[in-house]
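Remarks on the structure that follows.
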Amino acid sequence: MPETSIPKLSGLPLLGSALDFARDPVALLQRGYDEFGDIFRFQLGLKPALALIGPDHNRFVLEQTDKLFTMQEGYRFLIPMFGERVFFVAGHEEYLEQKAIMQPAFRGKMMASYVQVMKQETQRWLDTLADEGQFDLVGSMERLTMYIAASALLGESFREQLGDHFADLYRDLAAGIEFLLPTNLPLPRFIRRDRARKKLELLIDGVIQQRRADPERYDDFMQVFLDSTYSDGSPAPAEIIRTLIMGLVFAGHETTAGHGSWALVRMLQHATFTSEIYAEIDEHVPTDETIDQATLRKLAKLDWALHETERTDPVASMLIRTVQEPFDLNGYHIPKGWVVFLSPAVSHRIPEVFSKPDEWDPSRFGPERQEDRSHPYALVGFGGGPHKCLGMNFAYTEMKVIFSLLLKRYELELLDPDPQPDRSAATSRPGRPCLIRYEKR
């Protein structure tokens, strides 16, 4: 059956659905699913695009990545931010080498040390708050997660030296993300992006040089990277180390800031369940705020709340692939070169997979229901298959530390009862200002 028989969303001449996609890609994909079901196509200007929705399609695309599909073309917008050799944009073999470098930094002893960094940075932030007042949720989460990423990945001295300047540079870098327009246009946000990248490269290159001059002094994430080698035994080039650090700091704070912001919004919108989280924290987090991985494992209901927020408000609302080998699916022929979109935001709300999917209900992740276990690709907020996010455990650990300490100290109230998504940034987050009133417990 030819590809032209695939149901197609209507669009404008020449532009197709590009304007709707630019305004709200999730709404566009949801409209296509409501109208046509789990497979449909649309045009993004001259680019033919295919949407595949649901767990079975998630499995197919994610497991066939690097076979039928490639990630390189779909994420080329990252190149102006991090360079030609960033992660999967560099190609499959280079990605495997980089993945092997990164994996030790997210295991065992390293994760235990990150908990203490996360605790220290969260306490620093909480110590700036009075007995009562208000804070901007999104702004606070952006800065806190940036400080945690900088301290964990680059070291305490680097974080102390740069402070807010580092966060400001990353904000300019993120503002240059663009899916549709050419990324070399002389737009102000692209100019700021390029300047920020150059400054960040100089800063991180300086850290690399200092550490390589005195390697015995350090035992942390950054040193794991600097001591790493490729599969042939050769040391990882400084360019790759710098690219990985820049990309991981960006991914670490960008996704966690969005996920964490939505999680607190949802918790405060659901007081009954959140009262159970407060009780859990009071039971397991001591007054002196001593926290380790064993403590965090006891916070089951907080964990369910974070997973439910991944389901209802995935910060990665789309996963992008490009067809590199033509294939047949559901009786349709899909040619080489088409852009393929998976949508966690739409897939996570299919009622056959998650009961009453529009309700925020963390108990669906509890032992009596475990709805996410109905299919190994039912929950894909952090991707899946060979490219599942290596930092997922880091992100969940970080959010548990932040919220266990925040809720231990304060009673909170959401002043905007229904924040709407802001999709203008790299990831979904509540629209600003999203104010939280706090009062010492």
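Index from 1, following the sequence.
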Side chain [X], main chain [Y], donor-acceptor under 3.5 Å:
X	Y	result
Thr290	Pro286	no
Gln43	Ser17	no
Glu280	Lys301	yes
His348	Val380	yes
His307	Asp303	yes
Arg349	Thr312	yes
Ser343	Val346	yes
Asp136	Gly139	yes
Ser347	Gly54	yes
Ser151	Ile148	no

field: Qualifying salt bridge (charged side-chain N to carboxylate O under 4.0 Å, His left out) pairs with a residue from residues 374-386, counting only residues at least two apart or across chains
entry: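 Non-adjacent pairs meeting salt bridge (charged side-chain N to carboxylate O under 4.0 Å, His left out): zero.
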query: Tell me, which pairs form a salt bridge (charged side-chain N to carboxylate O under 4.0 Å, His left out) where one or both residues lie in residues 198-207, sequence neighbours left out?
result: Arg197-Glu201, Glu201-Arg242, Asp205-Arg242
Kindly compute the distance separating [atom1] ([X]) from [atom2] ([Y]), expressed to the nearest 0.5 Å.
X	Y	atom1	atom2	value
Ile177	Phe77	CD1	CZ	6.0 Å
Ile39	Leu50	CD1	CG	5.0 Å
Glu289	Thr295	CD	OG1	12.0 Å
Arg211	Ile241	CZ	CD1	11.5 Å
Ile291	Leu405	CD1	CG	3.5 Å

May I ask you to decide whether [X] forms a salt bridge with [Y], counting only side-chain N to carboxylate O separations under 4.0 Å?
X	Y	result
Arg321	Glu73	no
Glu325	Lys67	no
Arg171	Glu254	no
Asp422	Arg432	no
Lys298	Glu283	no
Arg193	Asp172	no

How about [X] and [Y]: are their ring centroids closer than 6.0 Å?
X	Y	answer
Phe82	Phe250	yes
Phe327	Phe60	yes
Phe341	Phe21	yes

task: Show your working on salt bridge (charged side-chain N to carboxylate O under 4.0 Å, His left out) between Arg364 and Glu308 and close with a plain yes or no.
output: CA-CA 8 Å; Arg364 72 174 78 246; Glu308 176 67 339; 3.0 Å; yes
For [X], does the [atom1] atom have more than 12 heavy-atom neighbours from other residues, nucleotides or ligands under 6.0 Å away?
X	atom1	result
Leu185	CG	yes
Arg189	CZ	yes
Lys47	NZ	no

query: Under the criterion side chain to side chain donor-acceptor pair (under 3.5 Å), which of Arg124, Gln123, Lys119 is the partner of Glu121?
result: Arg124
message: Exactly one of Arg311, Arg369, Arg266 should register a salt bridge (Lys or Arg N to Asp or Glu O under 4.0 Å) with Asp361. Which one does?
response: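 Single salt bridge (Lys or Arg N to Asp or Glu O under 4.0 Å) partner of Asp361 among Arg311, Arg369, Arg266: Arg369.
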- prompt: Can you say whether the rings of His375 and Tyr377 are parallel (under 30°), tilted (30 to 60°) or perpendicular (over 60°)?
  reply: perpendicular
With heavy-atom distances below 4.5 Å as the criterion, would you say the side chains of [X] and [Y] are in contact?
X	Y	value
Leu173	Leu200	yes
Asn58	Ile53	no
Leu306	Phe403	yes

query: Taking it one step at a time, do Phe382 and Tyr396 satisfy ring-ring contact (aromatic ring centres under 6.0 Å, His included)?
result: CA-CA 11 Å; Phe382 284 84; Tyr396 266 88; 5.8 Å; yes
